[in-house]
J.: 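Dropping the structure in here first, questions after.
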Amino acid sequence: MQNLKTELPKEAKVKMRTKFSSPCKIRNFKILPSTNQKAKELALRGALPWTVIVAEKQTGGYGRKRTAWFSPRGGLYFSIILPRSKIEDLQTLTIISAFIVAKTIKENFSLEPLIKLPNDVLINSRKVCGILTENVIGKEVKSSVIGIGLNTNIEKFPKDLEDSATSLKIELGREVDNKKILEQIVKGLKEQLKTISE
Amino acid sequence: MKIKIRDKVYDVEISELEEEKVKIIVNGKEFIFGETVEEREKISAAPLTIPKRSFTKKEIKAPIAGTISKIFIKEGEFVKKDQKILILSSMKMENEIVSDFEGKVKEILVKENQNVKEEETLIVLT
């Protein structure tokens, strides 16, 4: 058996550790069309990894194939600019995020989240969180952002979503602390992404 | 926690053993990440592995297998370096493929909603 740690040059280890332990910069917005869109723009303009874009409300939040994501005030909508990862590792990113969201929900509240791989989290068979990873790829991966829409303090959904969506507030009967949940998810992601090489 | 894959539910636990070592237990079976090269290869041998991307001369190829969900260019159009060419959806991720060089679009070999294999040529530029 070869030991991976002993194979890494000292400088590489230092660089990796520095990158993954770099502080998060959280940028709060009252309203955005889409946090993923904003994160992609900022990533291409050189924003540092672990910059987190948070919006209180999205006017054009979207999931895969640009399907709309209901994003009224009260929910938690954020996107994280990730450190550049090898193309081989990209597909694990969304799954890791779903694990972290489910773990955060389970550890903080008496709820049983179910991960519908790779990018949804359900409670009582209704979607409580959607995750969309978007990568820009040229000759290599130019940027990766993960967008997370978590239905936290949403009281009511439109008729067409009533049967398929839920929120933590609906499930718990009380409001939750968006800031605390955000911090826990970002912290959890940083810890787990240490396992993904750059 | 529980995860569901194709209607089968798995019990999954994640814990951090120490710095750079993570233990994931799936239905009682342990996987340790970050321990050794062999362990790492065992993990990446799962179907999630994506082969390396390669570009040949003025051909834009699929970096991974997936479905073309949107094409932004037309034949005859001149594209610049880093211009958005298409969206390739894979494992529910959206991958924006940008051109690595500039040139005129000679041929678009794929259509929207078409499944493509990794390394398949998508666009030819002149």
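Side chains are part of it too, since the values below use all heavy atoms of this structure and drop only hydrogens, waters and symmetry mates. Protein chains get the first letters and strands the later ones, always in sequence-line order, with residue 1 at the start of each.
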J.: Do any pairs count as a ring-ring contact (aromatic ring centres under 6.0 Å, His included) and have a residue in residues 144-189 of chain A, sequence neighbours left out, and if so which ones?
T.: A:Phe70-A:Phe157
J.: I'd like to know if B:Leu86 and B:Val105 are part of one continuous hydrophobic network [Ile/Leu/Val/Met/Phe/Trp/Tyr, side-chain heavy atoms within less than 4.5 Å].
T.: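 Yes, B:Val105 connects to B:Leu86 through the hydrophobic network.
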J.: Go through B:Val9, B:Ile85, B:Val12 and name the one with the most non-hydrogen pairs under 4.5 angstrom from chain A.
T.: B:Val12
J.: Are A:Val186 and A:Ile81 grouped together when hydrophobic residues (ILVMFWY) are joined by side-chain heavy atoms under 4.5 angstrom apart?
T.: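 Cluster IDs for A:Val186 and A:Ile81 differ.
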J.: If you round to the nearest 0.5 Å, how far is CD of A:Glu134 from CD1 of B:Ile87?
T.: 7.0 Å
J.: Go through the atoms of A:Leu114 and report whether side chain, backbone, both or neither lie under 4.5 Å from a heavy atom of chain B.
T.: both
J.: Enumerate by number any residue of residues 103-113 of chain A whose heavy atoms lie under 4.5 Å from heavy atoms of chain B; in the absence of such residues, state 'none'.
T.: A:Lys103, A:Lys106, A:Pro113
J.: Applying a strict under-4.5 Å side-chain criterion to I, L, V, M, F, W and Y, I'd like to know whether A:Tyr77 and A:Leu82 cluster together.
T.: no
J.: I need the full list of ring-ring contact (aromatic ring centres under 6.0 Å, His included) pairs touching residues 77-100 of chain B, with sequence neighbours left out, sorted by first then second residue.
T.: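 The answer is none; no pair qualifies.
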J.: What is the distance from atom CG of A:Asn135 to atom CD1 of B:Ile97, rounded to the nearest 0.5 Å?
T.: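 Answer rounded to 0.5 Å: 8.5 Å.
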J.: Just verifying a value: how many Å separate B:Leu88 CG and A:Ile137 CD1, rounded to the nearest 0.5 Å?
T.: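 Those atoms lie 7.5 Å apart.
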J.: For atom NZ of A:Lys116, is the number of surrounding heavy atoms from other residues, nucleotides or ligands below 6.0 Å larger than 12?
T.: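 Atom NZ in A:Lys116 is not crowded, with 12 or fewer foreign heavy atoms closer than 6.0 Å.
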J.: Shared ILVMFWY cluster between A:Ile154 and A:Val176, side chains joined below 4.5 angstrom?
T.: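 Looking at the clustering, A:Val176 is in a separate group from A:Ile154.
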J.: Is it the case that one hydrophobic cluster holds both A:Leu76 and A:Leu168, taking links as side-chain heavy atoms less than 4.5 Å apart, direct or via other members?
T.: yes
J.: Does a salt bridge link A:Lys142 with B:Glu96, judged by any charged N lying under 4.0 Å from a carboxylate O?
T.: no
J.: Nearest 0.5 Å please: distance from the CD1 atom of A:Ile131 over to the CE atom of B:Met93.
T.: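 Here the rounded value is 13.0 Å.
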J.: Mind ranking A:Val121, A:Leu132, A:Asn119 by heavy-atom pairs under 4.5 Å with chain B and telling me who comes out on top?
T.: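 The residue among A:Val121, A:Leu132, A:Asn119 with the greatest pair count is A:Asn119.
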J.: Who passes side chain to side chain contact (heavy atoms under 4.5 Å, CB included) against A:Ile26, sequence neighbours left out?
T.: A:Asn28, A:Val52, A:Val54, A:Leu182
